[in-house]
Amino acid sequence: MDDKEKQLRLDLKYLRMAGIWSENSYCERRKVGCLVVKDKMIISDGYNGTPSGFENVCEDENNVTHPYVLHAEANAITKLARSSNNSDGATLYVTDAPCIECSKLIIQAGIKRVVYAREYRLSEGIDLLKRAKINVIHLNPDEYETK
């Protein structure tokens, strides 16, 4: 197995793990999970949800997401800020394409690769990451046979 194949297998495994992590979300409309990996070690994780101390309800009675709900990437990156780890050169794995606001955080965190599974209706986040010379990879784990 060559290096490219090994990297693909690793990327798929971490994406599947991000998918499992998304199951922790209390959001009803969309559950998103995220892992930050550096040197083959998970250094942070996150899922979308409310800030610490808030009731774990993401949507209002009309199924509209509350404006204070944090995205999975924001949760993972801010968790890093409270740890002794840093994300310089890391890879971020996320179940859904990052939005523009999360993309700004990814750039500022020094993350160099983003691997995501599902497209988002807006592409500004992906466009910004590419403009910042971040290696962006769209991989759908469902399209690959699990080994």
Side-chain angles (χ1 to χ4, degrees), residues 1 3-59 65-144 146-147:
M1 180 181 333
D3 288 345
K4 206 171 181 180
E5 176 75 17
K6 284 180 188 172
Q7 187 62 57
L8 175 64
R9 285 183 178 211
L10 216 55
D11 287 344
L12 289 167
K13 285 177 186 174
Y14 284 126
L15 265 183
R16 283 193 282 273
M17 290 170 72
I20 291 167
W21 199 244
S22 74
E23 295 171 16
N24 289 313
S25 174
Y26 287 90
C27 296
E28 298 295 327
R29 290 181 57 224
R30 181 180 295 251
K31 294 179 183 298
V32 180
C34 176
L35 298 175
V36 180
V37 177
K38 186 173 179 178
D39 301 324
K40 296 184 182 176
M41 240 175 34
I42 298 170
I43 59 170
S44 191
D45 54 59
Y47 51 87
N48 57 328
T50 57
S52 299
F54 280 61
E55 183 183 15
N56 286 321
V57 176
C58 298
E59 295 89 8
T65 302
H66 292 296
Y68 51 81
V69 168
L70 290 160
H71 290 187
E73 305 95 317
N75 265 328
I77 291 168
T78 55
K79 189 185 283 190
L80 268 170
R82 297 178 69 175
S83 76
S84 61
N85 290 315
N86 78 67
S87 51
D88 283 335
T91 298
L92 183 137
Y93 294 91
V94 63
T95 56
D96 294 71
C99 70
I100 188 104
E101 294 302 320
C102 288
S103 291
K104 293 176 195 176
L105 294 175
I106 291 165
I107 293 165
Q108 290 302 96
I111 292 165
K112 294 300 176 201
R113 279 179 87 233
V114 172
V115 182
Y116 69 98
R118 290 185 299 235
E119 294 284 1
Y120 184 59
R121 63 182 167 82
L122 303 173
S123 66
E124 292 107 335
I126 295 298
D127 296 341
L128 184 65
L129 292 172
K130 289 178 179 175
R131 183 175 171 195
K133 306 280 189 272
I134 291 173
N135 186 6
V136 179
I137 300 160
H138 175 224
L139 275 181
N140 182 351
D142 297 336
E143 293 177 2
Y144 293 86
T146 305
K147 293 184 182 185

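Since this is a predicted model, take the numbers as computed values, not measurements.
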[Y] and [X], any side-chain heavy atoms less than 4.5 Å apart:
X    : Y    : result
L128 : K104 : yes
I77  : I106 : yes
L12  : R16  : yes
M17  : I42  : yes
H66  : E55  : no
I43  : L80  : yes
C58  : N48  : no
T95  : C34  : no

Going from [atom1] on [X] to [atom2] on [Y], what distance comes out if it is rounded to the nearest 0.5 angstrom?
X    : Y    : atom1 : atom2 : answer
T50  : N56  : OG1   : CG    : 4.5 Å
I20  : L35  : CD1   : CG    : 9.5 Å
R131 : S103 : CZ    : OG    : 12.5 Å
I134 : I111 : CD1   : CD1   : 7.5 Å

| said: side-chain contact (heavy atoms from CB on, under 4.5 Å), that's the test. Do L139 and L8 meet it? Break it down for me. | reply: CA-CA 9 Å; L139 275 181; L8 175 64; 3.7 Å; yes
| message | Determine whether V69 and C27 satisfy the following criterion, side-chain contact (heavy atoms from CB on, under 4.5 Å), listing intermediate values before the conclusion. | response | CA-CA 9 Å; V69 168; C27 296; 4.1 Å; yes
| said: Strictly by ring pair (Phe, Tyr, Trp, His ring centres under 6.0 Å), give each pair with a member in residues 88-107 just once, sequence neighbours left out. | reply: Y14-Y93
| query | Any luck finding a side-chain donor-acceptor pair between Q7 and D3 under 3.5 Å? | reply | no
| said: Run E59 and R29 through side-chain contact (heavy atoms from CB on, under 4.5 Å) and show every step you take. | reply: CA-CA 8 Å; E59 295 89 8; R29 290 181 57 224; 3.7 Å; yes
| query | More than 12 non-hydrogen atoms from neighbouring residues, nucleotides or ligands closer than 6.0 Å to CE on M1, yes or no? | reply | yes
Where do [X] and [Y] come nearest, in terms of heavy atoms and distance?
X   : Y    : value
A76 : S44  : O-OG, 2.7 Å
S87 : A109 : OG-O, 2.6 Å
G46 : N75  : CA-CB, 4.1 Å
P51 : L70  : CA-CD1, 4.0 Å
E73 : C102 : OE1-SG, 3.6 Å

| query | Of K31, R30, H71, which meets side-chain hydrogen bond (donor to acceptor under 3.5 Å, both in side chains) against D96? | reply | R30
| request: Hey, can you tell me if F54 and Y68 have their rings parallel, tilted or perpendicular (30° and 60° cut-offs)? | output: tilted
| field | Residue that, paired with Y116, satisfies side-chain contact (heavy atoms from CB on, under 4.5 Å) out of I126, V32, L129, L92 | value | I126
| query | Can V115 and L15 be said to form a side-chain contact (heavy atoms from CB on, under 4.5 Å), step by step? | reply | CA-CA 8 Å; V115 182; L15 265 183; 3.7 Å; yes
| request: Measure from the side-chain N and O atoms of K38 to the backbone N and O of D88, and report whether any donor-acceptor pair falls under 3.5 Å. | output: yes
| request: Using modelled atom types only, decide if a donor and an acceptor are shared between the side chain of N140 and the backbone of D142 within a distance under 3.5 Å. | output: yes
